[in-house]
Trainee: 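Quick one: the structure is below, questions incoming.
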Number of protein chains: 2
Amino acid sequence: MFDSLFSERGLSLDRLKVLLEVRDAGSIAQAAPGDPVRQSQYSRQLRELSEFFGCEVAHRRGKILKLTAAGERLAELTREQLRSLDDFRADCRQQNVTFTLGAGDSLIQWLVIPKLGRILDAFPGIHFSTTNLRTNEIVRQITDGRLDFGIIRENAVAPGLKAVPLGVVRYAALVPGRWARAKGGITLGQALRERPLATQTTDGQFASGLRDIAQQLGVPLQAALSCQSFPQTLAALRTGRFWALVPELATHDLPPGSMVRIADERLRQLDREAMLAWNPRLVRVRPNAAKVATHLQQALTIH
Amino acid sequence: MFDSLFSERGLSLDRLKVLLEVRDAGSIAQAAPGDPVRQSQYSRQLRELSEFFGCEVAHRRGKILKLTAAGERLAELTREQLRSLDDFRADCRQQNVTFTLGAGDSLIQWLVIPKLGRILDAFPGIHFSTTNLRTNEIVRQITDGRLDFGIIRENAVAPGLKAVPLGVVRYAALVPGRWARAKGGITLGQALRERPLATQTTDGQFASGLRDIAQQLGVPLQAALSCQSFPQTLAALRTGRFWALVPELATHDLPPGSMVRIADERLRQLDREAMLAWNPRLVRVRPNAAKVATHLQQALTIH
DNA sequence: ATCAAACATGACTGGGCAGTCAGGCTTGCT
DNA sequence: AGCAAGCCTGACTGCCCAGTCATGTTTGAT
């Protein structure tokens, strides 16, 4: 199909553009004012178009070159085509101002959303859509292009993906302030043994780490309240009836002094390195994607 | 205008055509069946289109590549554009099956028209349009592209034009048969001195040559009937009341024996070399023009 | 687990073309 | 006649890209 258009040389978008420029300017000289070099190139390119289409697109009338009727038609046809391509490209770029970002629910709530304001300030017209996903699903969707960015664990980065570190996500063990004041303090072991625990149970790696800690303390792990997300555990904590383990980032949401933090080095076992990941194709295909990635890394870095 | 389409690489008609081929075939593998070399090229070109437009035009779904919605739109847009260009080109070629040929009236009547049948047989679909013009006007119109071919004098060929010889146009002095039979023959001098002459007076060079001959014979030149064209002089000859000088080619139009030819070597001074001329751009721009030129030369050659 | 199909990517080559340089020709004005 | 503007053409260079070679990765079927 359309093979005859490609079996001969002489047709190119550049040449068609020159035809359009000459038509709009009125002559080669006016299309390339004071530039004999471009003037000679334009002359040649118009001739090549004439030879390709088998009709003159312009002819000399005195000193001045004028487009023929056929040349005028070709120029208008070209204008429509270049406009369509330009509009299509602009449309792509318009639609592609929304970047999608997947992360765990708590990271979205306490890391991403608080910082997105700064990112949007830096990129007027850019939008984000966040998606609450598990790490393995994030990896899958980034790989096949359904997700632009994701925050995943360091050890989940797949080959082929680009990832940069965001820092360490830490967890804090909090108990209601009045519990701690009544007893003059409470240890992690005491809390696990004696107090009702509200904990997030859907994150396999977190749950596994918590089991390890309980085992090290020789204490059975029994959640009084199993929650699906850390925001839910924080809500439980606020009732004053439970203690909880929550991301360090979430502690900023609590009134100062309302909770007391249990200090225990074993909690470091729950720490995880968070990475911002994306598909390298993204930055090749999408305008601004590389800059957005850079800004995301800066803004989302955990201190 | 449209500068952004040309300031970045990655857009070309070839690539757009590949997109269309992949869309119509359903996959790269089907667009390039059993051809890993073209398969890898197509893959690359689709990626370059994606990078240029800032959106994926295709994505991998399992083993198979599928065009995205954007890719489908771009493919359809491409189809329209290539069709427009193809139609425009076909239209040019359709319209440009008419070649224009200018010559003197007598040459058109006695040389061109009788031979055009053979030319048209060789080029089905080709048309001619003849125009009665003077040599200098023929030269002018060929030069600025308003005329495709012309039959001109050898000494009128302008630099820049292409010309091939057609042979010598000769002129014959004919008198009504009964005049010659009554006197037992008649010389050119006698005819000029004693008999009413019908002659063509608009061709400067011919008239000038005739004056020269009369002067050589010491006879005043007085045309009894001044005609604008040789067909008119032939008509006058047919009345039996005039003798005339007409192109040798025209004698084939007369009934055998109706006229008697005056033999005189001085008539050779009226001979002229006829050339078929055209603008070299014609054969570059117009399909078939080179072949048509060749056939014209062969068909119109004077023996 | 193995294999073939489908696609992707690195690297290289040669041709085409944009861009450039130099100079010439034609036209129109003075 | 002389000159400048507008256009044309030969020739050259370097870059881009189509085309190619080789190989790798992913996916789906067996």
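Chain naming here is simple, since letters A, B, ... match the order of the sequence lines and numbering starts at 1 in each.
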Trainee: Donor-acceptor pair, distance only, cut-off 3.5 Å: does the side chain of A/Thr202 make one with the backbone of A/Gln228?
Mentor: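 Confirmed, A/Thr202 side chain pairs with A/Gln228 backbone.
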Trainee: To the nearest Å, how far apart are B/Leu11 CG and C/dA18 P?
Mentor: 13 Å
Trainee: Rounding to an integer number of Å, can you tell me how far B/Arg281 CZ sits from C/dT26 C1'?
Mentor: 14 Å
Trainee: Mark yes or no for whether A/Ser50, through its side chain, and A/Val57, through its backbone, hold a donor-acceptor pair below 3.5 Å.
Mentor: yes
Trainee: Please confirm whether the shortest side-chain N or O distance from B/Ser43 to OP1 or OP2 of C/dA8 is below 4.0 Å.
Mentor: yes
Trainee: Which of parallel (below 30°), tilted (30 to 60°) and perpendicular (above 60°) describes A/Phe149 and A/Trp278?
Mentor: perpendicular
Trainee: Please name the residue in the list B/Val112, B/Leu101, B/Ile151 that meets the side chain to side chain contact (heavy atoms under 4.5 Å, CB included) test with B/Leu296.
Mentor: B/Leu101
Trainee: With a non-hydrogen cut-off below 4.0 angstrom, is B/Arg44 in contact with a base, only sugar-phosphate, or nothing?
Mentor: base
Trainee: Send over the distance from B/Leu65 CG to C/dT9 C1', rounded to a whole Å.
Mentor: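 One finds 14 Å between C1' of C/dT9 and CG of B/Leu65, rounded.
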Trainee: Base, sugar-phosphate or nothing for A/Gly26? Non-hydrogen atoms, less than 4.0 Å.
Mentor: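 Touches nothing.
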Trainee: Over how many whole Å does the gap from B/Glu56 atom CD to C/dA8 atom C1' extend?
Mentor: 13 Å
Trainee: If you assign B/His59 and A/Gln45 each to the DNA chain C nucleotide with the nearest heavy atom, which residue ends up on the more 5' nucleotide?
Mentor: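 It is B/His59 whose nearest nucleotide is closer to the 5' end.
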Trainee: Report the distance from atom CD of A/Glu48 to atom P of C/dG19, rounded to the nearest whole Å.
Mentor: 12 Å
Trainee: To the nearest 0.5 Å, tell me how far A/Asn279 CG sits from A/Ile142 CD1.
Mentor: 8.0 Å
Trainee: Of all the heavy-atom pairs spanning B/Pro165 and B/Gln297, show the shortest one and how long it is.
Mentor: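 Looking at all heavy atoms of both residues, the closest pair is O-NE2, 3.8 Å.
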Trainee: Looking at B/Glu154 and B/Arg272, is any side-chain nitrogen of the basic one under 4.0 Å from a carboxylate oxygen of the acidic one?
Mentor: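 Salt bridge: no.
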Trainee: Would you kindly compare B/Thr143 and B/Lys66 by the position of their nearest DNA chain C nucleotide and give the one closer to the 5′ end?
Mentor: B/Lys66
Trainee: Only one of A/Glu51, A/Glu21, A/Glu48 passes salt bridge (charged side-chain N to carboxylate O under 4.0 Å, His left out) with A/Arg15; say which it is.
Mentor: A/Glu48
Trainee: Applying a 4.0 Å non-hydrogen cut-off, can you work out what A/Arg60 is touching in the nucleic acid: base, sugar-phosphate, or nothing?
Mentor: base
Trainee: Nearest whole angstrom, please: distance from the C1' of C/dA18 to the CG of A/Leu19.
Mentor: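 Roughly 17 Å, once rounded to whole Å.
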Trainee: Would you call A/Arg73 and A/Glu76 a salt bridge, taking side-chain N to carboxylate O under 4.0 Å as the test?
Mentor: no
Trainee: Taking the basic N atoms (NZ, or NE/NH1/NH2) and the acidic carboxylate oxygens, is any pair closer than 4.0 Å for B/Glu137 and B/Arg140?
Mentor: yes
Trainee: Which is the 5'-most and which the 3'-most nucleotide of DNA chain D that has an atom under 4.0 Å from a heavy atom of chain A?
Mentor: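 Contact span on the strand: D/dA5 to D/dA11.
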Trainee: How close or far is atom P of C/dA6 from atom NZ of B/Lys63, stated in whole angstroms?
Mentor: 6 Å
Trainee: Heavy atoms only, 4.0 Å cut-off, all strands: where does A/Arg47 land among base, sugar-phosphate and nothing?
Mentor: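 The residue A/Arg47 makes sugar-phosphate contact but no base contact.
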Trainee: Roughly how many Å is it from CZ in B/Arg9 to P in C/dA18, rounded to a whole number?
Mentor: 15 Å
Trainee: Could you check which residues of residues 29-42 of chain B get a heavy atom under 4.0 Å from DNA chain D? Sort them by number, please.
Mentor: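 Correct list: B/Val37, B/Ser40, B/Gln41.
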